[in-house]
4 protein chains.
Amino acid sequence: MKKINTQLVAKQQGRILLAAKNCFFKNGLTKTTMRDIATEADISLGNIYRYFENKNSLIRAFIEKDNQEIDRAFALLDDANNFKTLLEYIIKEFISELSRKAEMCIYLEALVLGLRDGDVLSLLKLDNSEQSLKTSLQKASKDKRIELIVSAELAALIIMGFVEKAAVKCIADPKYSVRKANKQFKQCLKTLLR
Amino acid sequence: MKKINTQLVAKQQGRILLAAKNCFFKNGLTKTTMRDIATEADISLGNIYRYFENKNSLIRAFIEKDNQEIDRAFALLDDANNFKTLLEYIIKEFISELSRKAEMCIYLEALVLGLRDGDVLSLLKLDNSEQSLKTSLQKASKDKRIELIVSAELAALIIMGFVEKAAVKCIADPKYSVRKANKQFKQCLKTLLR
Amino acid sequence: MKKINTQLVAKQQGRILLAAKNCFFKNGLTKTTMRDIATEADISLGNIYRYFENKNSLIRAFIEKDNQEIDRAFALLDDANNFKTLLEYIIKEFISELSRKAEMCIYLEALVLGLRDGDVLSLLKLDNSEQSLKTSLQKASKDKRIELIVSAELAALIIMGFVEKAAVKCIADPKYSVRKANKQFKQCLKTLLR
Amino acid sequence: MKKINTQLVAKQQGRILLAAKNCFFKNGLTKTTMRDIATEADISLGNIYRYFENKNSLIRAFIEKDNQEIDRAFALLDDANNFKTLLEYIIKEFISELSRKAEMCIYLEALVLGLRDGDVLSLLKLDNSEQSLKTSLQKASKDKRIELIVSAELAALIIMGFVEKAAVKCIADPKYSVRKANKQFKQCLKTLLR
DNA sequence: GATGAATGAGAATTCATTCAT
DNA sequence: AATGAATGAATTCTCATTCAT
C-alpha cells in the first residue's frame with residue numbers, strides 16, 4: 001500500500017468505503033467478501049489492497065466513518081434550545097435504525113472485532129456515541145438548558161444502554177416495537193433529567 | 001428396545017460443552033472450529049456429532065446452559081427481603097463477569113448468531129436475562145418489597161442495558177472500572193425504584 | 001463374519017435384508033447408511049457386520065433376492081394359455097413399479113455397482129429379467145402358444161429395453177404416463193409376436 | 001466496465017471439462033472428487049469454482065457437451081437419402097461407445113443424478129437421444145424417405161431402449177458382442193419401419 | 001495504477017467400519 | 001452374540017490474499 005497521489009487515494013478509498021457500507025448493510029461484516037466489495041465498487045479485487053491493507057483495516061475505516069456521522073447527530077444538541085425534544089428525536093432515529101437487523105448485526109460485529117483487536121478498539125473510542133452524548137449532556141447542563149438528576153456520564157450510559165437493548169428487543173420480540181421503545185424512552189428520560 | 005445410555009450421553013455432552021467453553025473463551029464462537037473442540041475434549045471429531053447435531057446446536061446448548069445460570073441468579077431475588085441489596089450484588093457479579101473480554105465477546109457473538117439465525121435466537125429467548133429480571137421485579141413490586149418508579153419492563157430494560165454498556169466500557173476504557181460501574185449502578189437504581 | 005448357527009444366520013440376514021429394502025426404497029442405495037439399516041432392522045450397527053461382510057455385499061444380497069421375485073413373475077408365463085395378455089399384465093406391473101423414482105434409482109444404482117464391481121455383476125446375471133423373459137418366450141414359442149416374429153432373445157431385449165426407457169420417461173416427462181406406456185407396449189408387442 | 005475474458009473462460013472450462021472427462025471415465029461421476037479433477041487439470045482446487053459453480057453444474061456441463069455430440073449425429077439423418085443404412089451406422093457407433101464400461105457407468109450415474117436432482121434432469125432433457133431420434137424419424141417419414149410401422153415416438157423409444165439394453169449386455173455377457181447387437185438391431189429395425 | 005486469475009489453507013459434516021465391553 | 005461408541009479419512013466449497021501482466 002504505497003500512497004503517492006493523495007487525491008486519488010482519497011477518492012478511491014471513499015469509493016471503496018461506500019461500496020463496503022452497502023455490502024455490510026446487506027450481509028453483515030463477516031459475510032461480506034472482498035470480492036463483493038470490489039464488485040459493488042466496480043473496481044478490481046486486487047486494487048482494493050492498494051488502498052486498504054486488508055479486510056480488517058477496511059472495516060476499521062468503515063467504523064471510523066460511521067462514528068463521525070453519529071458525532072454529527074449528537075452535535076446538533078449543542079445548540080438546541082429544547083434539548084429534550086431534540087434528544088428524543090435523535091434517539092428515535094437511532095433506535096429506528098439500529099432495530100433493523102442488518103444495522104444491529106454490523107454494530108455488534110464491529111463491537112466484537114473491536115474488543116478482540118485493540119486497533120479497532122482505539123477507533124471505537126469506547127463506544128463513540130456514549131462519549132458524544134455525555135459531552136452534549138454536560139454542555140446542556142452547564143448552559144442550564146437541562147437539569148441532570150444523575151451525572152452526565154451515567155445518563156449517557158443509561159441512555160445508550162437503553163437504545164441498544166430496546167433495538168435488540170425490537171428485532172427479537174415480535175410484541176415489542178419501535179413505537180413502544182420511543183414511549184419507554186420518554187419515561188426513561190424523565191428519571192434522568194428535568 | 002433402544003437403550004439410550006443417558007448417563008454416557010450426559011457425561012459426553014458435558015465434556016464437549018466444557019471443552020467448547022474453553023475454546024470459545026480462547027478464540028470466540030466463530031473462530032473456534034469443531035476440530036479445536038474435539039482436540040480439547042480429547043475426543044474424535046466425528047464423535048462430537050453423535051452428541052450435537054452441528055456446530056450451531058452446540059453453541060445453542062452452550063448458551064442455554066449459560067442462561068440457566070443467569071436465571072438461577074435472578075431467581076434468588078424472589079425470596080429476598082432486601083431486594084435492592086441483593087440485586088446490587090447480583091448485578092455486580094454480572095458486570096464483573098461480562099467485563100471480561102472473552103465473556104463479552106461470546107455474549108455478543110451469540111447475539112449476532114441469534115439475530116441472523118432464528119434458531120439460536122429462540123434460545124436466547126430474547127435476552128433471557130431481561131425477562132428474568134422483569135419477572136423478579138414484578139413479583140417484588142406485588143409483594144411490596146420494592147416500589148417501582150417506572151414499569152417493571154422498562155426498569156429491566158434499563159438495568160440490563162446499563163450492565164452491558166458498563167461492561168463494554170470496563171473493557172474498552174482503561175479509566176473505567178468495575179468498581180465505578182457498581183457505584184453508578186446504585187445511582188441508576190435510585191432513579192428506578194424505592 | 002463367522003457363520004455357526006445357520007438358523008440364526010438366516011433369520012438375521014432376512015431381517016437385515018428386509019430393513020435394507022425399506023431403506024433403499026426410501027433413499028436409494030447410496031444414500032442409505034448402515035446406521036439407517038440397523039435402526040430399521042432394530043438391530044445394533046455392529047451386528048450387521050456379523051451377517052454381511054460390508055455394505056457392498058449386503059447390496060449384492062439384496063439384488064439377488066430382488067431378482068428372484070422377478071424370476072417368479074416371469075415364471076407365471078410358462079403355464080399361461082393366453083400368454084400375450086398375461087405378459088401385458090406383467091409388463092404393466094413392471095413399468096408401474098419401475099416408474100417410481102425410488103425403484104428406478106435403485107435399479108440404476110445397482111446396475112452401476114454391478115458394472116463396476118464384477119461380483120455384483122455375476123449376480124445381476126446380466127440383467128436377470130431379460131434372461132427370464134427370453135426363456136419364457138422360448139417355451140411359449142415351442143408350445144405354439146405364441147408365434148415369434150423375431151428371435152426370443154431379441155424380443156426379450158426389445159421388451160426389457162422398452163420397459164426401462166418407458167419407465168424413465170414416466171418419471172422425467174410429465175406428458176408421458178404409465179397409461180400411455182401400456183398402450184405403446186401393446187403396439188410394440190404386435191411387432192414382435194402374433 | 002466489466003471485462004469478462006471470454007476466451008480464457010472458454011479455454012479453462014474446456015480444460016476442466018476435459019480433465020473431468022478423464023476422471024469420470026476412470027472412476028465414475030460419483031467417485032471422482034473435485035480435487036481429482038483439479039489435479040488432472042493441473043489447476044488449483046479453488047480455481048475450478050471460478051469456472052463452475054459446483055460439482056453438479058460441472059457434471060451438467062459435461063453431459064450437455066455429450067448430448068450435443070449425440071444431437072449432431074442424429075442430425076445427419078435429416079438429409080440422408082438412405083435413412084435406414086445411416087441409422088444403422090449411427091446406432092452401431094452408439095452401441096460401440098456405450099458398451100464400454102466407463103461410458104455406460106457415466107451414462108447411468110448421470111441418469112440417477114438426473115432422477116434425484118431436477119437440475120441435472122432438465123439437461124438430460126428426458127434422454128435427449130430419444131427426442132432427437134424421434135424428430136429425425138418424423139421428418140424422414142414426412143419426406144417419404146421411410147415408412148413407419150409404429151409411431152415415431154414409439155419407434156424412438158424402442159430403438160433407444162434396445163441400444164441401452166444391448167450395450168449393457170455387451171458389457172455383462174461375455175457371449176454377447178457389439179457385432180451381434182448390430183445384427184439384432186437390423187432385425188429390430190425391420191419390425192419398425194420399411 | 002489496475003486487473004482479475006490463481007492459490008490453497010481451512011471449515012463443517014458424513015459414514016463405513018472397528019472393537020472394547 | 002450383540003452392542004453402539006468411537007474413529008478419522010474423505011468431501012465439497014469458501015475466501016483473503018498474492019502476483020504476473
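All values reported here derive from a predicted model rather than from experimental measurement. Numbered from 1 within each chain, the chains take letters A, B, ... in sequence-line order.
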Within this structure, what is the [atom1]-to-[atom2] distance between [X] and [N], rounded to whole angstrom?
X: Arg35(A); N: dA6(E); atom1: CZ; atom2: P; value: 11 Å
X: Ile37(B); N: dA11(E); atom1: CD1; atom2: C1'; value: 12 Å
X: Ile16(C); N: dT3(F); atom1: CD1; atom2: P; value: 10 Å
X: Gln7(D); N: dG4(E); atom1: CD; atom2: P; value: 16 Å
X: Asn54(A); N: dA16(F); atom1: CG; atom2: P; value: 11 Å
X: Asn27(A); N: dC15(F); atom1: CG; atom2: C1'; value: 14 Å
X: Tyr51(B); N: dT13(E); atom1: OH; atom2: P; value: 18 Å
X: Tyr49(A); N: dC15(F); atom1: OH; atom2: P; value: 12 Å

Below the 4.0 Å mark, does [N] have OP1 or OP2 next to a side-chain nitrogen or oxygen of [X]?
X: Asn47(B); N: dA5(F); value: no
X: Gln12(C); N: dA1(F); value: no
X: Ser44(D); N: dA6(E); value: no

Fill in the blank from the handout: With the side chain defined as heavy atoms from C-beta on, Thr33(C) is closest, among dT7(F), dT12(F), dA16(E), to dA16(E)
Problem - Leu45(D), nearest nucleotide to its side chain (from dC13(F), dT13(E), dA1(F)) - result: dC13(F)
Handout entry: Complementary nucleotide of dA12(E), counting Watson-Crick and G-U pairs under 3.5 Å
Key = dT11(F)
Practice task
Under a 3.5 Å limit for both distances, which nucleotide forms a Watson-Crick or G-U wobble pair with dT21(E), could you say?
Solution key: dA2(F)
Exercise for the section: Flag the pair Leu115(B) / Val112(B) as yes when at least one side-chain heavy-atom distance between them is below 4.5 Å, and no otherwise. Expected result: no
Handout entry: Heavy-atom side-chain proximity of Arg60(C) to Phe52(C) below 4.5 angstrom
Key = no
Handout entry: Pairwise 5' ranking along DNA chain F for Met34(A) and Ile48(B), keeping only the more 5' one
Key = Ile48(B)
Exercise for the section: Please figure out whether Ile43(D) or Lys55(C) has its closest DNA chain E nucleotide nearer the 5' end. Expected result: Ile43(D)
Exercise for the section: Please work out if Thr30(B) contacts a base, only the sugar-phosphate, or nothing of the nucleic acid, heavy-atom cut-off 4.0 Å. Expected result: nothing
Exercise for the section: Indicate the atoms forming the closest heavy-atom contact of Tyr51(A) with Val9(A), along with that distance. Expected result: CE2-CA, 3.8 Å
Problem - Which atom of Leu29(D) lies closest to which atom of Ala110(D), heavy atoms considered - result: CD2-N, 3.5 Å
Exercise for the section: Verify, without hydrogens or angle tests, whether Lys55(B) (side chain) and Thr32(B) (backbone) share a donor-acceptor contact under 3.5 angstrom. Expected result: yes
